[in-house]
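Everything numeric here is computed off the predicted structure, so don't read it as measured data. Per chain, numbering begins at 1; letters A, B, ... match sequence-line order.
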Amino acid sequence: MRIDRLFIGLGKAVAVCMLLLWSLVPIAFVVISSFKPGREIFAVPPRHIFTPTLEHYAALWSRWGVFFDGLLNSAIITVGATVLAVVASTCAGYIYSRNSSRFLNGSVLFLIVVRLIPPIVITLPLFPIVNFLGINDTHGVLMVLYATFFVSLGTVLMRTFIDQIPRELDEAAQIDGAGRLTILRRVIVPLASPGILAVAVFVVVFAWNEFLFAFIFTGTNAKTAPLVISEMIGSIDGVDWGILFAASTVQLAPVLLFVVFMNRFLVAGLTAGATKG
Amino acid sequence: MTDLTLHNLTKNYGAVDVIRGVDLDIKSGEFVVFVGPSGCGKSTLLRMIAGLEDISGGDLTIGGRRCNDLEPRDRGIAMVFQSYALYPHMSVRQNMSFGLSLAGTPKAKINEDVMAAARILKLEPLLDRKPSQLSGGQRQRVAIGRAIVRQPSVFLFDEPLSNLDAALRMDMRMEIARLHKELGATMIYVTHDQVEAMTLADRIVVLEGGRVQQIGAPIDVYKSPANRFVAGFIGSPRMNFLPVSVTAATADTATVSAPSLAPITLPAKGFAAGQSAVLGLRPQYLHRQPAPGMSARVSGQVVLVERLGAETVVNLRTSDDQQVLAVLPQDAAFGAGETVDFHFEPAAAHLFAAEA
């Protein structure tokens, strides 16, 4: 019995280690390589002990100023898309939670189905429309697209969170003289804030890393950081891997910190409704 | 202080009728209790008065003003919910002042009103706490405080004590009675607990199946139930019902008999000889020893004796297999299986038509 338990424990530990190696090694490789002198990055055998250098970061700053413009664009678009998605998901989640009709119940399924369609299927028909409207290569178009892409999942998540807030609180507020918007603002939003943060985490991670929409709908003005990184790979004077790893590390750091900081809410979002019938 | 009138009020969800024509006049300052079993429509009726449920038909007037289509905030009511419904993210002070701040009341006035309500309910030391830091009784007091602060014409209570334990429930019951006296406001109170109904109400409204079964002062409803449902619902333990045959009848009396019951004549209207009926006997009106006037008796075999401390409840099985409960003094001594007679005054019994 004790040996069985020992083996199970050992098996679990090995599985966790494999999983950690699988997910952390590529990230560690990129981050560590960004501090290695150029010649040592792909040295065989790999050099684990080296003198760290910031030469690639300095080169990134001096030769790829456009990357930092891309970062700023990514930040603006991420913030905008997150605000839009959170506001729309919260309002829609509230309506779905507090109202019931055949149309609403049916449309929940539609919200989930829409999420299963490959993004490219939606993206290509949008291209002529975006061109016609003259909003190509603007921050706004990506904000709206990213927000739209996440409103379906955000609405379902927010509905689950708001379902857990007793309706009697709405009724008490109604008797206290609050209208629907006041109830949403003063009662529902403060109580559903873990859900709002969970939705925000999803949108931030998606919008910060997204490539496909940005590739199709931006050119120069609203070009995001992932696009600039992809340009580094296709650069005509050859790939400078040190700079590429430095750029990837800079791109990775904020979202990694954000996710670590908001980990609690991410888990809340992933498990929302898991214990409720 | 405001009168409130319900005129042929109805509520239906599609084809399902929940409230089927309720007429009621509530006078200013009156304490009215809606009582009835689960699903009788009492909470729905209260929520219709509050404006939380649409009214399907009829008229609701508060202070002479038709309120059917008014928003809850415009009806001059305040409501205390069963689950307290306190805003968990707000302090006690914020909970109590929420309605006034929405109405744009100046801060100084809000503070004054909140302090006055807190004084009445002894909530002053708790004003800066969150609801999660309060006990059940304290939360209920805050919920009542939130209602008082709004200075409504009508207070609505939806089973406000049912989440409290027995001791606290009694304290809060007395507190609500004291408040009614102090504020002199019109209060409508929903409960399924008849002790609350009997002790708090100026008038009880007994509901069943969405219809009013009887309206009256608690003691009148207890002593003269309008029908068998009310007789069975009001009073604890519930009234005993024995199937009887009417052997003779006049305009004001009926003579009835049953296998376990010597023939008795009691006041009753509308019965005819040969008819089946049901005799209602309150357990408290049955006595071991006959006293003057107790010319009637019911016999049976003791099957269970429950000693509740202050009183003893004896459970009899009659020869025609009916159950009869009797509430007797503490020291009543019985053995299981013993055959006994219980005596009662015929005038204390009630006669109801047998169910179809």
Side-chain angles (χ1 to χ4, degrees), chain A residues 86-87 90-91 93-95 97-106 157-200 264-265 268-269 272-273 275-277, chain B residues 13-14 43 46-53 70-91 94-105 110 130-132 139 142-160 163:
Chain A
V86 159
V87 169
T90 307
C91 293
Y94 176 56
I95 297 296
S97 170
R98 296 307 197 234
N99 297 278
S100 179
S101 72
R102 202 176 291 176
F103 169 74
L104 281 177
N105 298 342
L157 267 179
M158 286 311 299
R159 185 181 82 151
T160 312
F161 272 97
I162 296 171
D163 275 348
Q164 290 163 15
I165 302 171
R167 274 163 193 256
E168 277 162 345
L169 293 186
D170 299 38
E171 292 175 347
Q174 226 179 319
I175 286 176
D176 270 337
R180 273 223 154 174
L181 212 58
T182 310
I183 295 173
L184 180 64
R185 205 165 47 85
R186 304 275 303 266
V187 180
I188 301 296
V189 167
L191 294 175
S193 50
I196 290 172
L197 289 172
V199 172
R264 187 158 70 91
F265 300 107
T275 56
K276 201 167 165 271
Chain B
Y13 297 105
S43 281
L46 191 81
R47 290 168 58 82
M48 287 161 74
I49 296 170
L52 298 174
E53 295 281 351
L70 288 186
E71 287 292 319
R73 62 179 164 218
D74 300 323
R75 296 187 182 203
I77 51 109
M79 185 157 164
V80 178
F81 292 83
Q82 180 178 357
S83 63
Y84 322 128
L86 299 178
Y87 312 118
H89 56 298
M90 297 184 195
S91 66
Q94 288 166 327
N95 262 284
M96 288 168 72
S97 61
F98 187 61
L100 293 182
S101 69
L102 287 180
T105 310
I110 292 178
K130 290 272 171 66
S132 59
R139 284 179 208 184
V142 175
I144 295 171
R146 182 169 65 179
I148 291 176
V149 164
R150 299 192 62 227
Q151 297 177 345
S153 328
V154 182
F155 283 82
L156 306 174
F157 294 90
D158 188 7
E159 307 209 27
N163 285 354

Heavy-atom contact with chain A under 4.5 Å, split by part of B/I77
both
Using non-hydrogen atoms only, which part of A/L191 is less than 4.5 Å away from chain B: side chain, backbone, both, or neither?
side chain
Are more than 12 heavy atoms, taken from residues, nucleotides or ligands other than B/Y13, located less than 6.0 Å from that residue's OH atom?
yes
Where do B/E159 and B/S43 come nearest, in terms of heavy atoms and distance?
OE2-OG, 4.3 Å
Who pairs with B/N95 by side chain to side chain donor-acceptor pair (under 3.5 Å), at least two apart in sequence or on another chain?
none
Could you tell me which of B/E71, B/Q82, B/R146 has the largest number of non-hydrogen atom pairs under 4.5 Å with chain A?
B/R146
If you tally heavy-atom pairs under 4.5 Å between each of B/M79, B/H89, B/R75 and chain A, the highest tally belongs to B/H89
Show every donor-acceptor pair shorter than 3.5 Å between a side-chain atom in residues 171-190 of chain A and any protein atom, with sequence neighbours excluded, or say none if there are none.
from	atom 1	to	atom 2	distance (Å)
A/E171	OE1	B/R47	NH1	2.9
A/E171	OE2	B/R47	NH1	3.2
A/E171	OE2	B/R47	NH2	2.6
A/D176	OD2	B/Y87	OH	2.8
A/R180	NH2	A/N99	OD1	3.4

